[in-house]
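Remember, predicted model here, so these are calculated numbers, not experimental data.
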Amino acid sequence: GRRPGGGLAVLPTDPMPVHVSLVVPQGTTAGQQISFVHTDGRNVSLILPAGVVPGQMLHVNVPDDAAAPTPQAQQQQQQQAAG
């Protein structure tokens, strides 16, 4: 049998966020604004959330729309064993 809507792309009314992973740059601190180039070529700015440290992997939801507000950064909770 055929599935309903097969082959048709459904366009959402709201832009879907794009998940981007980036490394917190050296010399930056929580609360500081940084910018990076998105996969589509846009320059995106965000404010580092509390608790991030340089070299840490940060996962950011970037709205798929150039006119969208500042993206929301999510700190990845990851324990790294020292030594």
Side chain to side chain contact (heavy atoms under 4.5 Å, CB included) for Leu58 and Leu48? Distances and angles first, verdict last.
CA-CA 9 Å; Leu58 196 62; Leu48 294 173; 3.8 Å; yes

So His19 and Asn61, side chain to side chain contact (heavy atoms under 4.5 Å, CB included) or not? Walk me through it.
CA-CA 5 Å; His19 301 286; Asn61 291 330; 2.4 Å; yes

Determine, step by step, whether Val20 and Phe36 satisfy the side chain to side chain contact (heavy atoms under 4.5 Å, CB included) criterion, reporting the C-alpha distance in whole Å, the side-chain angles of both residues, the deciding distance to 0.1 Å, and the verdict.
CA-CA 10 Å; Val20 178; Phe36 62 95; 3.9 Å; yes

Would His38 and Val18 satisfy side chain to side chain contact (heavy atoms under 4.5 Å, CB included), going step by step from the backbone distance to the final call?
CA-CA 9 Å; His38 190 21; Val18 177; 3.7 Å; yes

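Listed by chain and residue number, Gln56 satisfy the side chain to side chain contact (heavy atoms under 4.5 Å, CB included) test with Val53 (two or more places apart in sequence, or in another chain).
Distance check: Leu46 CG to Ile34 CD1 gives 4.5 Å after rounding to the nearest 0.5 Å.
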Donor-acceptor contacts, no H, no angles, side chain residues 21-28, under 3.5 Å, sequence neighbours left out:
residue	atom	partner	partner atom	Å
Ser21	OG	His59	ND1	2.7
Thr28	OG1	Pro25	O	2.6

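Considering every non-hydrogen atom in both Ala30 and Ala50, the closest pair reads CB-CA, 3.6 Å. Considering all non-hydrogen atoms of both residues, Gly31 and Ile47 come closest at O-CG2, 3.4 Å.
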